[in-house]
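This report refers to the structure that appears directly beneath it.
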2 protein chains.
Amino acid sequence: MAEDDRPAPGRNLTHRLLETTGRQIVTGHYAERPFPTEAELATGHRVSRSVTREAVKMLTAKGLLSARPRLGTTVQPEARWNLFDPDVLRWLLERPASVPLLRQFHQLRRAIEPTAAGLAAQTADAAGLAGIADGLVRMQQAEQGHDDPLEADIAFHVAVLRASNNPFFAQFRDVVGTALRFSIQVTNRIKGGTADVAAHGAVLAAIRDRDADRAERAMLAIIDDVSDLIEGSAGGGPRA
Amino acid sequence: MAEDDRPAPGRNLTHRLLETTGRQIVTGHYAERPFPTEAELATGHRVSRSVTREAVKMLTAKGLLSARPRLGTTVQPEARWNLFDPDVLRWLLERPASVPLLRQFHQLRRAIEPTAAGLAAQTADAAGLAGIADGLVRMQQAEQGHDDPLEADIAFHVAVLRASNNPFFAQFRDVVGTALRFSIQVTNRIKGGTADVAAHGAVLAAIRDRDADRAERAMLAIIDDVSDLIEGSAGGGPRA
DNA sequence: GAAGCATATTTGTATGATTAATAAAACCCC
DNA sequence: GGGGTTTTATTAATCATACAAATATGCTTC
């Protein structure tokens, strides 16, 4: 079963082991079989116990594992996982594409981003506005093939999160980034998004006008637009 | 000198070191002075290098630290911290009470919980409904002194998050718990919440009726109520 | 001055020995 | 037998030491 022994990048042995093991856990590799003991992990991966222990500690810190003497190291129930940890988030997406997960992502975006836009309208400073404006410019340039449309879109949404002046909202940049990147894999019929640029411009305008309500509605419209795409693509796939 | 050497609970040495060091980082103890090297940490805390390294790895996993050979271990910029990590969240709150942080918490709740209530109205199963109903019962009993009003309140809100059937929303249970517990410290003029029970009952009723819109509005009303308390006697929220 | 080299510092890795926690089995007393 | 106690085996936790790898800094050389 060397199926999960993919290359696994990483600066050092500990990070490599962290990657492969984290991915294995999230993909349910240890759903039935017991998680290996410290010594087994070490010999199995040809690394020292130090490396093993440190990787296990990192996975523990992310909520994936729990270790106690005599009990051994065990996988924590999924509810304890730190889903907003960038690594965990990435591992979640590296398993076979699931439309349900994508839908859950967008339910979250639907809750977060309109409110963030509203907050930005109330509190954004010059730098925040400039960041959003810059994202919009990139989208316009992408329209003419001078920039990557996906990255430009992400930059815009992340800029809004930042401009909310609330670190908790800013924290969602990884979620938005992964959700958007993942969307394009599933609903790969997304074009440059000609209509989108106008909608995004409306958000910026509302924020500039300090009109929180309008900003919220404009952002909500954008996200619901994407959500429709997702639900549409579910036609060929399983619907929850 | 020994100001930050508080007891620091924990099952083992590594967790104790994790606790004290994490708290120090979050409270800005290393804002100016450089973060100690591995050897310094070990001797300073009278523990072995293994313990030190494992604690540092856990803090790295939570986004607080970054270590590279020759460069040493350095504190990451605050934007990289995993704010939704339960430990980080707790350390944030253990520093002197800050009303801005509490306000940011409630801005987040305002974004999350109404949407969660709406989702619950659409997707909650029998178990989910039962959980919410149970929370409401606890609140009613707390009204008569038969339960802890704060814990009952938390139980209700967490139950709604769970009933949303979206693991990302369920993840916010720690945030809601800490935010509520923290609120009571700051706005300690909160009473049993006689009026609250009715408002919470309205949320449950809307979810039972599968009326997502009403559920959202009802939950929003509850949170804005608390937000008003935080803002003091300041004018109502900027909500149209 | 620019390119390359030496060096010192710090984390990374490996290994062996010992200790502590604890679940399960063995035991004992009634 | 049954209920509590003791032993035992297993596993993580801790400590100590040695060496390797990475890399910023400063020195040398041309």
Side-chain angles (χ1 to χ4, degrees), chain A residues 5 7-22 24-25 29-30 32-77 80-81 87, chain B residues 5 7-22 24-25 29-30 32-77 80-81 87:
Chain A
D5 279 8
R11 314 188 273 294
N12 50 36
L13 291 184
T14 303
H15 279 261
R16 268 200 283 276
L17 183 56
L18 171 72
E19 277 297 320
T20 60
T21 311
Q24 283 181 334
I25 294 172
H29 190 267
Y30 299 108
E32 294 304 326
R33 86 198 77 187
F35 193 84
T37 174
E38 204 180 276
E40 291 168 346
L41 254 187
T43 60
H45 289 269
R46 313 293 186 86
V47 292
S48 71
R49 270 179 47 228
S50 317
V51 170
T52 306
R53 284 189 59 80
E54 286 165 20
V56 167
K57 286 293 181 190
M58 295 185 81
L59 290 167
T60 302
K62 292 175 186 299
L64 300 191
L65 290 179
S66 165
R68 288 177 61 194
R70 170 75 203 199
L71 289 183
T73 307
T74 55
V75 174
Q76 289 281 96
R80 305 285 284 276
W81 298 355
D87 289 326
Chain B
D5 279 7
R11 318 190 273 294
N12 51 34
L13 291 184
T14 303
H15 278 260
R16 269 200 282 278
L17 184 56
L18 171 71
E19 277 297 320
T20 61
T21 310
Q24 284 181 333
I25 293 172
H29 190 266
Y30 300 108
E32 295 303 326
R33 86 197 78 187
F35 193 84
T37 173
E38 217 176 82
E40 289 169 346
L41 255 187
T43 60
H45 289 269
R46 315 292 186 85
V47 293
S48 72
R49 239 186 104 200
S50 315
V51 170
T52 306
R53 282 188 59 81
E54 285 165 19
V56 167
K57 286 293 182 192
M58 295 185 81
L59 290 167
T60 301
K62 291 175 187 299
L64 301 192
L65 290 179
S66 165
R68 288 178 61 195
R70 170 77 205 200
L71 289 182
T73 307
T74 54
V75 175
Q76 289 281 95
R80 304 286 284 276
W81 297 357
D87 290 326

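Side chains included, hydrogens not; waters and symmetry mates left out as well; all remaining heavy atoms used. We name chains A, B, ... by the order of the sequence lines, and we start the count at 1 in each one.
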Notebook entry, point to check: Taking only side-chain nitrogens and oxygens of Thr37(A), does any of them come within less than 4.0 Å of OP1 or OP2 of dA12(D)?
Noted result: yes
Next item on the list: Return no unless some side-chain N or O of Arg53(A) is found under 4.0 Å from OP1 or OP2 of dA12(D).
Entry: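 For dA12(D), neither OP1 nor OP2 has a side-chain N or O of Arg53(A) closer than 4.0 Å.
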Check: Given Ser66(A), which of Leu71(A), Thr74(A), Leu59(A) fulfils the side chain to side chain contact (heavy atoms under 4.5 Å, CB included) condition?
Finding: Thr74(A)
Please tabulate, one pair per line, each protein N/O and nucleotide N/O from nucleotides 17-20 of chain D that are separated by under 3.5 Å, including the distance.
{"from": "dA18(D)", "atom 1": "N6", "to": "Arg49(B)", "atom 2": "NH1", "distance (Å)": "3.2"}

Check: Do any pairs count as a salt bridge (charged side-chain N to carboxylate O under 4.0 Å, His left out) and have a residue in residues 55-66 of chain A, sequence neighbours left out, and if so which ones?
Finding: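 Output for this query lists Lys62(A)-Asp85(A), Lys62(A)-Asp87(A).
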Item checked: DNA chain D contacts among residues 57-65 of chain A, heavy-atom distance under 4.0 Å -> Lys57(A)
Note to self: At a heavy-atom distance below 4.0 Å, what parts of residues 69-77 of chain A sit against DNA chain D?
What the structure shows: Pro69(A), Arg70(A), Gly72(A), Thr73(A)
Checklist line | Results of salt bridge (charged side-chain N to carboxylate O under 4.0 Å, His left out) for Arg49(A) - residues two or more places apart only | finding: Glu38(A)
Check: Looking only at heavy atoms, which two atoms of Thr14(A) and Ala55(A) are closest? And how far apart?
Finding: CG2-N, 3.8 Å
Checklist line | With sequence neighbours excluded, residues passing side chain to side chain donor-acceptor pair (under 3.5 Å) with Arg11(A) | finding: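 Applying side chain to side chain donor-acceptor pair (under 3.5 Å) to Arg11(A) gives His15(A).
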Margin query: Taking Leu18(A)'s backbone N and O only, do any of them form a donor-acceptor pair with Thr21(A)'s side chain (distance below 3.5 Å, no angle check)?
Written below: no
Next item on the list: Show your reasoning for whether side chain to side chain contact (heavy atoms under 4.5 Å, CB included) applies to Met58(A) and Thr60(B).
Entry: CA-CA 8 Å; Met58(A) 295 185 81; Thr60(B) 301; 4.2 Å; yes
Whole angstrom is fine here: how far is it from [atom1] in [X] over to [atom2] in [N]?
X        : N       : atom1 : atom2 : result
Leu41(A) : dA12(D) : CG    : P     : 9 Å
His15(A) : dA21(D) : NE2   : P     : 18 Å
Glu54(A) : dA12(D) : CD    : P     : 16 Å

Next item on the list: Describe the nucleic acid contact of Val56(A) in one word from base, sugar-phosphate, nothing, applying a heavy-atom distance below 4.0 Å.
Entry: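 Answer is nothing: Val56(A) stays at 4.0 Å or more from every strand.
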Item checked: side chain to side chain contact (heavy atoms under 4.5 Å, CB included) involving Leu13(A) - partner list, sequence neighbours excluded -> Arg16(A), Val47(A), Val51(A)
Next item on the list: Quick one: list whatever passes side chain to side chain contact (heavy atoms under 4.5 Å, CB included) with Arg80(B), sequence neighbours left out.
Entry: Arg173(A), Gln76(B), Pro77(B)
Item checked: Rounded distance (nearest 0.5 Å) linking atom OG1 of Thr52(B) with atom CD of Glu40(B) -> 11.0 Å
Note to self: Of all nucleotides in DNA chain C that come within under 4.0 Å of a heavy atom of chain A, which is furthest toward the 5' end and which toward the 3' end?
What the structure shows: dG12(C) to dA24(C)
